[in-house]
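To start, the structure under review is shown below, and the notes come after it.
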Amino acid sequence: MSTNTVTLKILDKEYQVACPPEEQTALMQAGQFLDQKMRGIRTSGKVIGLERIAVMAALNISYEMLQAKQNATPTEAETQTVNRISDKVEQTLQRCRQLDIS
């Protein structure tokens, strides 16, 4: 399976993420959604620091996903896609943490 590198811009930082071509659009949409959530949290002024903003955004998205899950049963393909995107976001955040430590 071939992969492309997709550049996501989240809170004015760029992240390079490997992604199969058929998932590129979904990953870009997920990145834009995450950027919007994180910007909303940062704008509120209640949370400071990239890592804390990312965790709050992840909690909010997880809560929304669980609420939606109670109302509808996702297909196996949808679940796999969400899991892959979630793994990629987690890997990117991990690399960000490593860069902050360096």
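FYI, side chains are in, hydrogens and waters are out, and symmetry mates aren't considered; it's all heavy atoms of this structure.
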For [X], give me all partners under side-chain hydrogen bond (donor to acceptor under 3.5 Å, both in side chains), at least two apart in sequence or on another chain.
{"X": "Q80", "result": "E76"}
{"X": "Q94", "result": "R97"}
{"X": "Q29", "result": "none"}
{"X": "T7", "result": "Q16"}

Exercise for the section: Check the hydrophobic clustering (I, L, V, M, F, W, Y; side-chain heavy atoms under 4.5 Å; chains of links allowed) and say if F33 and V89 are grouped together. Expected result: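 Yes, one cluster joins them.
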Problem - C19 and N4, any side-chain heavy atoms less than 4.5 Å apart - result: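 Answer no - side chains too far apart.
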Handout entry: Minimum side-chain heavy-atom gap T92-R95 below 4.5 Å
Key =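 Sidechains of R95 and T92: in contact.
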Problem - Residue pairs fulfilling salt bridge (Lys or Arg N to Asp or Glu O under 4.0 Å) with at least one residue in residues 26-35, sequence neighbours excluded - result: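 Output for this query lists D35-R39.
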Exercise for the section: Before giving the answer on side chain to side chain contact (heavy atoms under 4.5 Å, CB included), spell out for Y15 and L93 the whole-Å C-alpha distance, their side-chain angles and the decisive distance to 0.1 Å. Expected result: CA-CA 9 Å; Y15 300 93; L93 288 173; 5.6 Å; no
Handout entry: Counterpart residues, side-chain contact (heavy atoms from CB on, under 4.5 Å), relative to M56 (two or more places apart)
Key =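 Here the qualifying residues are I41, V47, L59.
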Handout entry: Partner residues of M28 under the side-chain contact (heavy atoms from CB on, under 4.5 Å) criterion, sequence neighbours left out
Key =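 Listed in chain order: V6, L8, Q24.
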Handout entry: Where at least one partner belongs to residues 55-68, residue pairs that pass side chain to side chain donor-acceptor pair (under 3.5 Å), sequence neighbours excluded
Key =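 Passing the test, one end in residues 55-68: K37-E64.
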